[in-house]
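Inspection log for the structure reproduced underneath, given as structure tokens.
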Amino acid sequence: MVQERYNPEEIEQKWQHRWAEDNSFACGDTQKPKYYVLEMFPYPSGNIHMGHVRNYSIGDVIARFRRMQGFDVLHPMGWDAFGLPAENAAIKNNTHPAKWTFANIDTMRAQLQRLGYSYDWKREIATCRPEYYKWEQLFFLRFLEKGLIYRKKAPQNWCPSCHTVLANEQVVEGLCWRCDSKVEQKDLTQWFLRITAYAEELLQDLDKLEGGWPERVLAMQRNWIGKSVGAHITFDLEQPQGDVTSLEVFTTRPDTLFGVTFLTLAPEHPLVESLIQKTPEAEHIRQFIQRTRNMDRLERQSDQLEKEGVFTGSYVLHPFTGARVPLWLGNFVLAEYGTGAVMGVPAHDQRDFDFAHKYHLPITLVIQPENTTLDTATMTEAMTGNGVMVNSDSFNALLNEEGKIQIVTALEQKKKGKAAIQYRLRDWNISRQRYWGAPIPVIYCEQCGVVPEKEEHLPVHLPLDVKTREDGRSPLPETASFATCQCPRCGGQARRETDTLDTFVESSWYFARYTDARNENTPFSADALLRWLPVDQYIGGVEHAILHLLYARFFTKALRDCGFFPKEITEPFRNLLTQGMVLKDGRKMSKSKGNVVDPTLMIQKYGADTVRLFCLFAAPPERDFDWSDSGIEGSSRFLARVWRLFQDTRQYLQPLLPCTASAQDAQSAAARDLRRKEHLTVKKAGEDMGDRFQFNTAIAAVMELVNAMYACRDELCADSAGQHVFSSAMSSVLTMLSPITPHLCEELWEDLGHTTPLNNMPWPQWQEEALQQDVITIALQVNGKLRGTMDIPAGISKEDVENLARKDQNIMRHTQNMTIRKVIVVPGKLVNIVAG
RNA sequence: GCGAAAGUGGCGGAAUUGGUAGACGCACUGGACUUAGAAUCCAGCGGGUUGCCCCGUGGGGGUUCAACUCCCCCCUUUCGCACCA
């Protein structure tokens, strides 16, 4: 018998070719229950990195494991192919974004195939293809019709380096999420998706995801949506200024209404100019506004910011008391939240407290805490807690929570206010002033105005015969063949929208396209959606906790309401696994730090199976892990050890199915132990892989089994009964490892003489009977401290166990001169003797 | 400040319902095999003491026969949000 060395390269090529030829990972057996496992698709940046390998290895184990469990598994892959890096790289390398992108896709597809992932490549998509974005343009038109898309001029986040606007979600601490440039504010007319229309449903439905999604992702989304319950309250101006007769504020504390001693407007509030133009102080106020607007965004948003304001010269009237309330501007009031105006209640809001002290405004206490009595003269900070209402006319003596309700009711009767809910969430700006994106299917006609493109004209092709500009600006406005067009309504000459869609639009619905990826007539059939959605298991990095995952949830609801999705589909992803990062030397891998580990080199050196194994073994999937060069050596060593064990015992091995050696085969103690270990491992590995996604402990369990096989191989291989037990254990090892290291396992499985590939085999069934043992070891404790162990026959009575324990030497020694007060017997586990 | 997660050997990490803390792997040490190395195999490997024990899961209290696990208080780290009225 020839003992070949483990040669991963050769084996892996062989099986990868076979899988491709046989189209091994297609789904479609509708007799079986469905399972849709999806990993976040990559941006084709050039090469896959370790983060991808980890992400896709996790997904692949789940996919392969579910197949073995009898599910019809959909496991697709594609490319999030529009976006800025392609444009920037094209400019840098003097090529075209399309060329660059498709070349990268080819490279990365080959790299993924080299890792042996079980994708159904027949469903591959690339979002930059017209066959894909055509449907996105159709969604755009239907959303527009439904009022879910609108155009408005507003101050926008502008990245000067990327020459484009950014969504709020794409601004991180005042910087562009892509290039870290400081984001500026610019007034621009842009297209918006009305995500705020779904704020409440997006918030409510997070409860449905409880258990399936990590708590922190749910918390982040709740935080981002930012619901506040309160009231809008109207304050009439003492002296109307032209058309302006009143101002509206939003507050979460209507119970403090009687504590209002001033009102504060954002400097950007649209009514400010008409309010101040007749004041002698107008010029001074304008200077304040200008100063505030010019302030750095980061600085402005910081809570370190010194609160500054200026009196407008106007007064409003308190809705209940009619008292004159001075109207101020304040640099801490945000124009874009609520109504851009807030009521100043210095006694019960810290910001107002600071502001009142600085400008010597009066402070009125309207809520007293339960056990102490506060005095505004001695207060050092605002009282923001609950208490009993005072100084509030007919509302005195109410608990403030009750006061909230009653004051809002009274306001509603007087038509001076109403209950209101505010969200922090803003509508999603989807216009981008860049070239490499999906064209927005809208036309501007001088006669007809804004005209949607006709559906039968879709797709609006992104022209590929353009030259990208050095300065990064989009060439589209100057591309006459694209920008100039006929108005679909009047036929006259018109201009096409030259902004493109934010790339997050493509990733908001790709999971649905996979269900019916080659459909040329509709974006997807209802049957395919009903069969596959929602995604049963979604896997990706936590960096998408807000952006992508919120947008995709929104799209699911919007597509449902526009009739593209069946009514019953309301959430895209039932379960979410957020995998941790792969670090090197405790830090994120990056080219600039020079600490990048290239997966291709690792595959060359150790083979795909080893790389997959190590990524799964190093840590549980949610946790970050530090890449270790000696760690991967260990994984490589383990596979070589399996290989060697197989070759060393090959002549005794029979092509048995896992867990098929009988109790009769396992006569000797060693055989019985191995058989038991085999079944125990099948049980544990199945639970760890399928229920808990703890691949590291599943692998550890199989390692234990392999170690046990090493220890008993000579003894067991000596007779045919033993060989049975050993062969069955070997089959179990290969079957259990096959989702993780499929190439090695398929190779040895085939060599054993099996004709059905492991890929089509079911997960083994362990048997209770095999787990039984005649003699068990239990712990002996005195007062909870371990004082020895004892072997006892399984299944003997508690009394017998206790009696045996009392006679144990160790126990006798530790209890001499003591009175035994109590004996705790935990069957199969331990005996604890309480003595003193 | 608000929210989420985490803290266990030299390191990555186990311990699933409260029941023998440290599985599995890495690193390290000793031995075998080798001219030597590599590879492999065997053994050891929390700390203190060596033949008994004592201490030990961020710290302090508590519940329990028994606590990494449950309860209370505190500390540290990471992440997200943050003048949102």
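Given the structure is predicted, the values throughout are model-derived calculations rather than measurements. Throughout, a chain's letter reflects where its sequence line sits, starting with A, and its residues are numbered from 1. Quick note: numbers below take in every heavy atom, side chains included, and nothing from hydrogens, waters or symmetry partners.
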Taking protein heavy atoms under 4.0 Å as touching, what does nucleotides 62-71 of chain B look like 5' to 3' if B marks base contact, S marks sugar-phosphate-only contact and - marks none? ---BS-----

Look at the rings of [X] and [Y] and say which category their plane angle falls in: under 30° parallel, 30 to 60° tilted, over 60° perpendicular.
X: His548(A); Y: His544(A); result: perpendicular
X: Trp627(A); Y: Phe614(A); result: perpendicular
X: His318(A); Y: Phe235(A); result: perpendicular

Less than 4.5 Å apart, side chain to side chain, heavy atoms only: is that true for [X] and [Y]?
X: Thr741(A); Y: Leu639(A); result: yes
X: Leu265(A); Y: Val333(A); result: no
X: Met790(A); Y: Leu830(A); result: no

Report which part of the nucleic acid [X] touches: base, sugar-phosphate, or nothing (heavy-atom distance under 4.0 Å, all strands).
X: Arg222(A); result: nothing
X: Gly634(A); result: sugar-phosphate
X: His232(A); result: nothing
X: Thr789(A); result: base

Less than 4.0 Å between a side-chain N and a carboxylate O, is that true for [Y] and [X]?
X: Asp626(A); Y: Lys584(A); result: no
X: Glu802(A); Y: Arg806(A); result: yes
X: Arg692(A); Y: Glu687(A); result: no

Charged tip of Arg644(A) within 45° of Tyr6(A) ring normal and under 6.0 Å: no

Is the Lys NZ or Arg CZ of Arg424(A) less than 6.0 Å from the centre of Trp224(A)'s six-membered ring, within 45° of the axis? yes

Kindly say if Gln694(A) contacts the phosphate of A14(B), meaning a side-chain N or O under 4.0 Å from OP1 or OP2. yes

Check whether any side-chain N or O of Arg637(A) sits under 4.0 Å from OP1 or OP2 of C24(B), and answer yes or no.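 False: Arg637(A) side-chain N/O out of range (4.0 Å or more) of C24(B) OP1/OP2.
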
Just how far, in rounded Å, is [atom2] of [N] from [atom1] of [X]?
X: Asn696(A); N: G25(B); atom1: CG; atom2: P; answer: 13 Å
X: Asp624(A); N: C79(B); atom1: CG; atom2: C1'; answer: 10 Å
X: Gln579(A); N: C79(B); atom1: CD; atom2: P; answer: 17 Å

Rounding to an integer number of angstrom, what distance separates A66(B) and A21(B) when you compare their P atoms? 14 Å

Using a cut-off of under 3.5 Å, enumerate the N/O to N/O pairs linking the protein to nucleotides 29-31 of chain B.
none

Counting Watson-Crick and G-U wobble pairs only, both distances under 3.5 Å, name the nucleotide matched with A4(B), or none.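 Pairing partner, where one exists within any strand: U78(B).
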
What are the atom names and distances for every N/O pair under 3.5 Å that joins the protein to nucleotides 2-5 of chain B?
none

Regarding U16(B), can its base be found pairing with the side chain of Lys684(A) as donor and acceptor, where the two atoms are less than 3.5 Å apart? yes

